[in-house]
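All heavy atoms count here, side chains included; hydrogens, waters and symmetry mates do not. Every chain is numbered from 1 and lettered A, B, ... according to where its sequence line falls, protein lines coming before strand lines.
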Amino acid sequence: MFVNFDFDVIRRSLGYLFLDGMTFTLTLTALSALGGIVFGTLIALMRLSGFKLLGRIAGLYVDFMRSLPLVLVIFWFYFLVPYIGQWVTGASRPVNVGAFTSALVTFIMFEAAYFSEIMRAGIQSISKGQPAAANALGLTYAQTMRYVVLPQAFRNMLPVLLTQTIVLFQDTSLVYVLSMPDFLGAASKVAQRDGRLVEMYLFAAVVYFTISCAASFAVRRLQARISIVR
Amino acid sequence: MIEISHVDKWYGPTFQALKDCTTSVAKGEVVVVCGPSGSGKSTLIKCVNALEPFQGGDIILDGIKVNDPRTDLPKLRARVGMVFQHFELFPHLKIIENLCLAQEKVLGRSHDEAVAKAEKLLDRVGLKEHARKYPAELSGGQQQRVAIARALAMDPIAMLFDEPTSALDPEMISEVLDVMVDLAREGMTMMVVTHEMGFARKVAHRVIFMDRGEIVEDALKEDFFGSPRSDRAQKFLSKILAH
């Protein structure tokens, strides 16, 4: 059945697909995950803080982000971020931030909502005695979080955080709506240029599947190792 | 050193955990707090360094009012050592790091200084060779001794013990009590919530008996063990001393 297919198109475009496309995808994934974890942790701390108003704001944010389709948010931010930039910097015209920055901000904001729920569960998994002991030693709230609670919460939640990052890795392909050259976007461009849609989309599927599957497997092994140490 | 006067504490609008508790611990004094479970003794000791808020009354620690909103609580807590029922060592840090963390971050000691102090105290509780291990690798008794050393590393003016031996297997209780007895004999100011009446007899100056949130009896050790004045204290003593 493959007689009419030309799989050589893959070999010919490998450089573009991986050096440009996959590098873009991995960069976007890594930066989004990092930013998402940092912001997510802040949101989780807001939700768990004693201040009701802060908690409510953070809760609304999380519910809001989780109730919208990601593609919509990507679109939305693409058109909104220049205006937010204008408002923040006080410039006279909408700030041109570029598609990459816009996409990055979107993913960070969106993923922060998911990561915050993971970090919240992680922080709540630490027994109350731990912050009490840290406080009793004279550590401030910030020091208690930084040196005692968050390192433990992070370690407990590492497998879940990584699994969410694998989902993020797949979700970054949605930047195709901004016609950005991520891995899928690159494959799609080649596919249309050479008229080899089936070959390229098959190949893209195989690559996403292989990487995600291998990463999931690695996470499971890591989980097993962590649970032995504890 | 520790002045507790007319302290009231409520959990929610209906349950009063502490009722008009008044007592004090003088410098160098060892006071044992005992009583049935749920009597408020742990709550009381946690109020002393403001780990638990309270609604009425005052607690004054070395001249500083604990319940004054202007009090710098982290600074105040750094001066009082506390040992918990479940040790609460930081499981992600090695023993030596457990002892150094607050010394460096709170007292601003250099790393070398903190390590030297930590090693000295670990030696004192007989655990020097375990410095590079993680808490989970130690037995309960060893962990509790580390917890005592961790508190002592801050050069506290007083030590609070919240049922330090209740979570231990019987064979490990004495190794922890030995450290506490030494500490008491060196003149450390101590407030100890415990059921270990042997410890109380050995080193306590005073014994406080609590029941249902009230301080029922606050007496010199000799008087308390001689003839408790209240029925409730007598009943409690006869129960725990029966075996």
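- For the pair B:V106 and A:L137, the minimum side-chain heavy-atom distance is 4.5 Å or more.
- Looking at B:H92, the atoms closer than 4.5 Å to chain A (heavy atoms on both sides) sit in the backbone and in the side chain alike.
- The two atoms that bring A:A132 and B:L51 nearest to each other are O-CD2, 3.8 Å, heavy atoms only.
- Heavy-atom pairs under 4.5 Å with chain A peak, among B:V83, B:L73, B:L89, at B:L89.
- Most heavy-atom pairs under 4.5 Å with chain B, from the set A:I126, A:V148, A:N135: that is A:V148.
- Residue A:S127 touches chain B through its side chain alone, counting heavy-atom pairs closer than 4.5 Å.
- Interface remark: of the candidates B:K75, B:K105, B:M154, B:K105 forms the most heavy-atom pairs closer than 4.5 Å to chain A.
- Only the side chain of A:Q143 comes within contact range of chain B, with at least one heavy atom under 4.5 Å from a heavy atom of that chain.
- For a residue to count as touching a neighbouring chain, one of its non-hydrogen atoms must lie under 4.5 Å from one of that chain's; by this rule B:F84 touches chain A with the side chain only.
- In this structure, A:Q130 and B:P91 approach most closely via the heavy-atom pair OE1-CD, 3.5 Å.
- Enclosure of atom CG in A:N96 is not indicated, since only 12 or fewer non-hydrogen atoms of other residues, nucleotides or ligands lie within 6.0 angstrom.
- With a 4.5 angstrom heavy-atom cutoff, B:R150 touches chain A via backbone and side-chain atoms both.
- Contact of B:L76 with chain A is not made at all, since no heavy-atom distance falls under 4.5 Å.
- Only the backbone of B:V80 comes within less than 4.5 Å of a heavy atom of chain A; no side-chain atom from C-beta onward does.
- Expressed to the nearest 0.5 Å, how far CG of A:L139 lies from CZ of B:R77 amounts to 10.5 Å.
- More than 12 heavy atoms of other residues, nucleotides or ligands lie within 6.0 Å of OH in A:Y208, so this atom counts as buried by the packing criterion.
- Heavy atoms from other residues, nucleotides or ligands lying under 6.0 Å from CZ of A:F39 number 12 at most.
- In A:Y141, the OH atom is crowded: over 12 heavy atoms of neighbouring residues, nucleotides or ligands sit closer than 6.0 Å.
- Counting heavy-atom pairs under 4.5 Å between each of B:L160, B:L101, B:D72 and chain A puts B:L101 at the top.
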